[in-house]
Structure formats: C-alpha cells, structure tokens
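Read through the structure below, which is laid out as structure tokens, and then see the notes.
Residue numbers run from 1 in the order of the sequence given. Ligands are counted one by one from 1 in listed order, and the atoms in each one are counted from 1 as well.
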Amino acid sequence: MSPIDDGNASNADVRLGALTRREALGLGVVAGTAIGAPIDSLATPSTQVQQAQAVLTSSRAFVDVSRGNPVPHSLRGEALVKARLTPETWRLEITGEGSASVPNPLTIEAGTALDLSGLIKLAKTHGSKFLKAMQCLNIPQPLGQGLWEGVPLREVLKLAGRIDHVRRIYYWGYHNDDPKQLFQSSLSYTQVMETSPWELPAFLAFRLNGEPLPLVRGGPVRMLIPWSHGFKSIKWLQHIVLTNDFKANDTYANDNNDPESHLKTSAYITSCPGEGKVGSPHLVRGVAISGMSGLKRVETWVRRVMGGQSEVNSNSPEWISAAWSPCRMDAPPADWGHVLPLGMSSKTVMGFDPATGRPKQWPLPYSTVGWTAAIEGLRPGSYEVRARSVDLNGYAQPEPRPYQKSGRNEVEVRRFRIVA
Ligand SMILES: Nc1nc2c(c(=O)[nH]1)N[C@H]1C(S)=C(S)[C@@H](COP(=O)(O)O)O[C@H]1N2
Ligand SMILES: [Mo]
C-alpha cells in the first residue's frame, strides 16, 4: 500500500476511505472489516467468522502514514545500507544536550551506538510484547493492529548510565538527512521511566506479528508509544536525545495538533449494506478502539430520513433525545492460539493473565474490538445509522473532545434503504 498523507492536508480522509475499502476487498477479509486479516488467520476462517473483526493486521495491510521524499521504506540496496536501515547496519544513538548529563552516550562516532543484536540481547532479560492498534490523530479509522515485541524504552535509556538533569526525551528516525523531512516526537522523563506496571510502556519494537519488524512498518526498529496516537511512534528510529528542556518539541505540534493528546476511544462503521429487505435484520458492523478512557459499549441510532429533511448534529434536539441501542461487541477469541503468531502463547503477552492466558480486561487497552448491530423491525424507507462509543467515564462520542486536533472523533453515519 502506498503511503498516504497524515491528514494534515485537506482531502486525506477522502483518499483514506477509498484505500481502506479497497484494502479490505483486496484481502478478502471477513466482510466489512477495514483491518486486514493476517495470512495465517485467513487460513483458519472458522475461528474468525464469529468475529466482526480480525485481531491482527498483516504488516503490509496497515494504512501507511509516512512522510519523506523518498519515503524511507522505498530505499533499496546500497541506499538502504547507507541509511543504516538494514538489520546489520542499524544503529541507535543516545546523547544529551545542554545541561543534561549523560555519562555513557551511545554514538556511532565512538563505536558505542546500540546495534540490533544488542537490543535483541536486552530483550532476552527485559523484553515484552503486547497488542496495540495504530491510529493517526488526523484520520478517522484505525490504521491496523499488531502484536508488537521489543524492549521498554526505560531499559534502553539505562545503557547511557546514571543520567541527570533530564526532563524530556526526544527522538527521530531516518529522514534522508534532510532537516525539512525531520519527523520528531518527545516524551517526558517521567512518562518513560515510571510507567504504571499495569500500563503498556514506551517501547522500542523490533518484531511485529511474530516476524522481524519490516522496513515498511518502520523497521528494523521503531518507537511504539502505546497510549498515544501514531505520531509518537517514530519509525526507522535512530536518534534519542535527552534534554533538560521541559517543553514538547514534536514535529506534529506544528500542524496545530495537541502533542500530548493520547489515543482516544471511538467507534467506526466498517460495513453497512446499502439496501436491506423488510423482515430480515440489517447488519451493521464496525470496530471500536479502546483508548485511554476505556470502552464501556458501542451503540447505534437509526433515524428515518424523508426527502429534504434537515441535517442533525450532536447539538440538535433530535440527537440529544435520540434512542441509542447497545451493539454486540465481539467476545475475546476463544482460542488465542489461532489468533496470535504461530507458537506464541497468550500467557506471555502483556495484559493477559499468565495463569489462564485470558485477557485481564476486554477490550484490551489501546486495542480494537469488533461490533455488530442487527437492526430489526424497520419498515420500507430510507434510513441513517450512526455509531458511537461510550467510554468508561460515561462520555459518548463526539464528547469529550469536540476539539478535533486532539484526535478525530466524528460520529460516523451511513445511509441505507429497506425495501419490501
Ligand atoms: N519516521 C517517521 N515516523 C512516523 C511517521 C513519519 O512520517 N515518519 N508518521 C507517524 C504518523 S503521523 C503515524 S499515524 C504513524 C503511522 O504508522 P504506520 O505507517 O505504521 O501505520 O507513524 C508515525 N511515525
Ligand atoms: Mo499520524
């Protein structure tokens, strides 16, 4: 899939709509999913049919949001070696700036930069893995969901010795050595070093869905910030700088985005047939992301539309008094062995009970869940269906953030007709 704009340009969502539908059709996945099923789950359709949505997206089927000219994952051969984007040539530098004190900087010049085998070695003692959906702050669809393996960033920073006078950490990846193409992101020192043990940590990922992280998804190594939108998850990671400056200096802040915005709870419609028959339930399907505020339920509102009827929005009286009905959310897969990469036990995945192998929470935090609404009892006519999430604080979409530059949150609507 070719990269798309990250939505800071005007017509990105239109282009995305076309891409995701084509992608879903091209992959032949379970009807109506925007998220592609991995090859191995396609081979076991019986375990997938009860699910409205596949758990893992194959690495190539993610919607690709990448800046750069050329985009780093288009490099080949010598150019790739020169860019240090092969497993053998990849290096990570960790340095300090200003008053930050970094006793053991990791640099290419001094021969101390971290290489991939060093990172893999660190993973032997400090590695972990978890499921997480990727979502762009500016695109109203999840980009995909993966099983990511790697090492918490805090363990990597320890390699630089007893660092001091550090309040923030910023980082970037390969960008054709062109300052104009820099895509940088940042975190506070506290966010990196003191993740709650129940939360997924800031992370360096080098495997996805049981395989080495491919170049197309930011390999050999990318940053992965579980609680955040995609712009914190820098691909082709090569540089980390420790600073005493406390301010966020993310490239994404330049486009009026909230740089501290975290992954949001939202529902998306992935399939709604344009026409249905009286007497048979009209099946509407979708996915929802469980963001930082969790997901209580997904609900739909079906509205009869007459010719020339006025638009409604979330401030309209009709909307405010509308009757929303809860949808059926997919249960956790009964057999995680069919869902996870071959040979991986769910007992070893963060967020799962190591004794039973079942998820401790459902939906899993920062992951997607499929949902289905079976709409019944409609008379012939034209209808609109809307879907919204309700988070664990009781907020229904588009609340609590009508301000979209902290994460798109429109309530999706589809039209359909019921015929006799
Ligand atoms: N180096 C680099 N990393 C990047 C980007 C980029 O353009 N360059 N885009 C970011 C944005 S805005 C998003 S939404 C995610 C998308 O990740 P994906 O392409 O794996 O779906 O990557 C992030 N990491
Ligand atoms: Mo993004």
Side-chain angles (χ1 to χ4, degrees), residues 1-9 12-13 15-16 19-20 23 34-36 56-75 83-85 90 92 132-148 150 170-187 202-209 211 213-240 250-259 261-264 289 291 366 368 404-408:
M1 171 163 297
S2 57
I4 65 155
D5 200 279
D6 51 10
N8 285 310
D13 43 353
R15 284 152 61 202
L16 178 87
L19 274 174
T20 49
E23 172 195 342
I35 297 194
L56 299 184
T57 310
S58 85
S59 59
R60 308 212 135 260
F62 274 64
V63 178
D64 187 281
V65 182
S66 302
R67 297 183 187 185
N69 186 18
V71 284
H73 51 299
S74 66
L75 300 179
R84 294 189 175 279
L85 289 178
W90 179 81
L92 175 65
K132 170 193 160 45
M134 189 62 65
Q135 161 107 61
C136 182
L137 182 149
N138 281 301
I139 297 174
Q141 278 288 341
L143 306 180
Q145 172 161 283
L147 189 285
W148 307 88
Y170 64 94
Y171 47 92
W172 66 93
Y174 180 74
H175 56 282
N176 298 305
D177 303 321
D178 172 1
K180 283 203 218 94
Q181 296 186 31
L182 177 73
F183 195 100
Q184 176 178 299
S185 203
S186 74
L187 297 165
F203 200 69
L204 270 66
F206 60 86
R207 289 175 74 78
L208 171 60
N209 298 344
E211 283 170 8
L213 182 68
L215 186 63
V216 68
R217 288 274 69 71
V221 180
R222 81 182 288 174
M223 196 66 89
L224 198 73
I225 308 304
W227 62 83
S228 185
H229 285 109
F231 71 91
K232 295 267 187 198
S233 296
I234 295 295
K235 295 182 278 197
W236 313 291
L237 180 71
Q238 294 185 331
H239 302 273
I240 296 180
D250 300 48
T251 302
Y252 228 52
N254 298 336
D255 294 302
N256 190 35
N257 302 300
D258 169 4
S261 155
H262 47 68
L263 190 64
K264 302 302 198 294
I289 288 195
Y366 312 124
T368 56
Q404 285 180 12
K405 296 300 265 181
S406 80
R408 292 283 291 258

Using a heavy-atom cut-off of under 4.0 Å, does the side chain or the backbone of [X] touch ligand 1, or both, or neither?
X      : result
Arg222 : side chain
Arg217 : side chain
Lys235 : both
Tyr174 : neither
Ser233 : backbone
Val65  : both
Asn138 : neither

Discussion item. Walk me through whether Trp172 and His239 qualify under ring-ring contact (aromatic ring centres under 6.0 Å, His included).
Written reply: CA-CA 6 Å; Trp172 66 93; His239 302 273; 4.9 Å; yes
Worksheet item: Shortest non-hydrogen contact from Ala202 to Leu187?
Response: CB-CD1, 3.9 Å
Discussion item. So, 4.0 Å and heavy atoms of Cys136: is ligand 1 close enough to count as a contact?
Written reply: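 Checking ligand 1 against Cys136, which is what was asked, there is a heavy-atom contact under 4.0 Å.
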Strictly distance-based, threshold 3.5 Å: is any side-chain N or O of [X] a donor or acceptor partner for the main-chain N or O of [Y]?
X      : Y      : answer
Arg207 : Leu213 : no
Asn256 : Lys405 : no
Gln181 : Tyr174 : no
Gln135 : Leu263 : no
Asp255 : Asn257 : no
Thr251 : Gln184 : yes

Is [X] close to ligand 1, meaning an N/O of one under 3.5 Å from an N/O of the other?
X      : value
Phe62  : no
Tyr252 : no
Trp236 : no
Val63  : yes
Gln135 : no

Item to complete: Could you name each residue pair satisfying salt bridge (charged side-chain N to carboxylate O under 4.0 Å, His left out) that touches residues 219-231, not counting sequence neighbours?
Response: none
Under 4.0 Å from a heavy atom of [X]: which atoms of ligand 1 are those, numbered in the order shown and with their elements?
X      : value
Ile234 : 3 (N), 24 (N)
Met134 : 17 (O), 21 (O)
Ser66  : 7 (O)
Asp64  : 19 (O)
Leu143 : 14 (S), 16 (C), 21 (O)
Arg67  : 6 (C), 7 (O)

Report, one line per pair, each donor and acceptor closer than 3.5 Å where one atom sits in a side chain of residues 230-237; sequence neighbours left out.
from, atom 1, to, atom 2, distance (Å)
Lys232, NZ, Ser186, O, 2.7
Lys232, NZ, Asp250, OD2, 2.9
Lys232, NZ, Pro259, O, 2.9
Ser233, OG, Ile225, N, 3.1
Lys235, NZ, Val65, O, 2.9
Lys235, NZ, Ser66, OG, 2.8
Trp236, NE1, Leu215, O, 2.9

Worksheet item: Is the shortest heavy-atom distance from the side chain of Gln238 to the side chain of Val221 under 4.5 Å?
Response: no
Practice prompt. Could you tell me the separation between the OG atom of Ser406 and the NE2 atom of His262, rounded to the nearest 0.5 Å?
Written response: 8.0 Å
